[in-house]
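Comments concern the structure below.
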Amino acid sequence: MTEAVAAGIKQDMGVKISPSLLSADFGRLAEETRAMEAAGADTVHVDVMDGRFVPNITIGPLVVRAIRKATKLPLGVHLMIVEPEAYVAAFAEAGADTLYVHVEACVHLHRNLQQIRSLGKRVGVALNPHTPVEAIRWVLPDVESVLVMTVNPGFGGQKFIESTLPKIRELKAEIERQGLEVEIAVDGGIDPTTAPRVVAAGATNLIAGSAVFGAADYAQAIKALRGAAD
Ligand code: DX5
Ligand code: ZN
């Protein structure tokens, strides 16, 4: 095995750091996205909100396309929207790599996940803080990533909700029980204090907005999260 291949495997097995652009300067989105790549991010997280599923409105496929042009990093597109089936194709086309739909927004979750699969994208499912692991038990074999909301979706800079920790542990146990390799992403209130706790519970992808963009030195902030996670 070459050193580069070994390094690639090591990278794959480590915890990923995914800055959330929600806390970026929206007047300089391309520049902020490029800065994340330069600062050592593993993926870039994009929050799509519709003012219905969550009480906030953010961005659509046109802006995702612009972000896509600014980086080679994988884009995780988090759809906090009702009836996501009407828009997944547009976001796939715009350059998303992983598409997350919320359990609570999908009447036919299994069908919606198959739709993402048919578009050739990584399949992601997201859970609000109150939604039990049981809600996704029977679709776990159909997804690459489960996003556990560790705050209520809608805004950056909120306080981490403690009751999500046992839920992450339960999710990890269920993934192991089914013999699967599914990523556990956590989103909301992730900083160097909460990072080691969510990783100990089973998280493998840390999504962080204010902890990265609120820092003067982005590379240092990502390094601090990675250090805390190890
Ligand atoms: C919240 C979004 C998050 C948000 C996290 O609805 O899904 O991705 O950007 O922000 P922080 O890390 O500041 O809690
Ligand atoms: Zn998000």
Side-chain angles (χ1 to χ4, degrees), residues 15-26 29 32-33 35-36 39 41-60 63-64 67 73-82 84 87-88 91 96-105 116 122-131 143-165 167-168 183-199 203-216 218 221-222 224-226 228-229:
V15 171
K16 287 184 195 158
I17 308 293
S18 304
S20 162
L21 290 175
L22 186 62
S23 296
D25 177 349
F26 270 42
L29 259 190
E32 294 270 72
T33 304
M36 287 305 112
D42 297 299
T43 87
V44 172
H45 185 79
V46 185
D47 287 307
V48 175
M49 306 187 187
D50 65 352
R52 291 186 63 205
F53 182 68
V54 287
N56 197 1
I57 300 178
T58 55
I59 68 178
V63 180
V64 171
I67 295 166
L73 290 179
L75 295 186
V77 176
H78 180 188
L79 300 176
M80 285 162 275
I81 64 176
V82 298
Y87 296 97
V88 288
F91 284 102
D97 294 287
T98 304
L99 278 162
Y100 290 99
V101 291
H102 265 265
V103 174
E104 306 83 7
I116 298 172
R122 274 180 97 238
V123 182
V125 66
L127 299 174
N128 274 341
H130 76 278
T131 303
V143 306
E144 270 78 47
S145 182
V146 177
L147 186 157
V148 176
M149 284 306 305
T150 40
V151 299
N152 283 300
F155 303 94
Q158 303 180 79
K159 192 176 177 296
F160 180 81
I161 298 173
E162 291 288 328
S163 60
T164 59
L165 277 173
K167 190 162 90 174
I168 297 164
E183 173 184 271
I184 300 179
V186 287
D187 189 5
I190 303 301
D191 60 24
T193 312
T194 51
R197 303 177 70 213
V198 289
V199 170
T204 50
N205 184 354
L206 308 186
I207 298 160
S210 44
V212 175
F213 287 97
Y218 294 163
I222 290 173
L225 281 169
R226 219 183 276 289

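Counting starts at 1 for both ligands and their atoms, following the listed order. We're numbering straight along the sequence, starting at 1.
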(message) Going by side chain to side chain donor-acceptor pair (under 3.5 Å), name the pairs with one or both residues in residues 143-152, residues two or more places apart or in two chains.
(response) Tyr100-Ser145, Arg117-Glu144, Ser145-Glu183

(message) Would Tyr87 and Leu79 count as a side chain to side chain contact (heavy atoms under 4.5 Å, CB included) here? Give the steps.
(response) CA-CA 9 Å; Tyr87 296 97; Leu79 300 176; 5.6 Å; no

(message) Closer than 2.8 Å to the Zn ion (ligand 2), what protein N/O/S atoms do you find?
(response) His45 NE2, Asp47 OD1, His78 ND1, Asp187 OD2

(message) Filter on side chain to side chain donor-acceptor pair (under 3.5 Å), then keep only pairs touching residues 47-60, sequence neighbours left out; what's left?
(response) Ser20-Asp47, His45-Asp47, Asp47-His78

(request) Give the ring-plane orientation class for His102 versus Phe53, where under 30° counts as parallel, over 60° as perpendicular and anything between as tilted. (result) tilted

Pairs under 3.5 Å, nitrogen or oxygen of ligand 1 with protein nitrogen or oxygen:
from	atom 1	to	atom 2	distance (Å)
ligand 1	6 (O)	Gly154	N	2.7
ligand 1	7 (O)	Asp47	OD1	3.0
ligand 1	7 (O)	His78	ND1	3.3
ligand 1	7 (O)	Asp187	OD2	2.9
ligand 1	8 (O)	Ser20	OG	3.4
ligand 1	8 (O)	His45	NE2	3.4
ligand 1	8 (O)	Asp47	OD1	3.2
ligand 1	8 (O)	Asp47	OD2	2.8
ligand 1	8 (O)	Asp187	OD1	2.6
ligand 1	8 (O)	Asp187	OD2	3.0
ligand 1	9 (O)	Ser20	OG	2.7
ligand 1	9 (O)	Asp47	OD2	3.2
ligand 1	12 (O)	Gly209	N	2.7
ligand 1	13 (O)	Gly157	N	2.8
ligand 1	13 (O)	Ser210	N	3.0
ligand 1	13 (O)	Ser210	OG	2.5
ligand 1	14 (O)	Gly189	N	2.8

(message) Treating Glu104 as the side-chain partner and Asn128 as the backbone partner, does any N or O pair qualify as donor plus acceptor under 3.5 Å?
(response) yes

(request) Taking Thr43 for its side chain and Gly76 for its backbone only, find out whether a donor-acceptor pair lies under 3.5 Å. (result) no

(message) Give me the atom names and distance for the closest heavy-atom approach of Ala229 to Val199.
(response) O-CG1, 3.5 Å

(request) Please determine which of Ile207, Asn205, Thr164 meets the side chain to side chain contact (heavy atoms under 4.5 Å, CB included) test together with Asp187. (result) Ile207

(message) For Arg226 and Asp42: C-alpha separation, side-chain torsions, deciding distance, then whether side chain to side chain contact (heavy atoms under 4.5 Å, CB included) applies.
(response) CA-CA 11 Å; Arg226 219 183 276 289; Asp42 297 299; 2.9 Å; yes

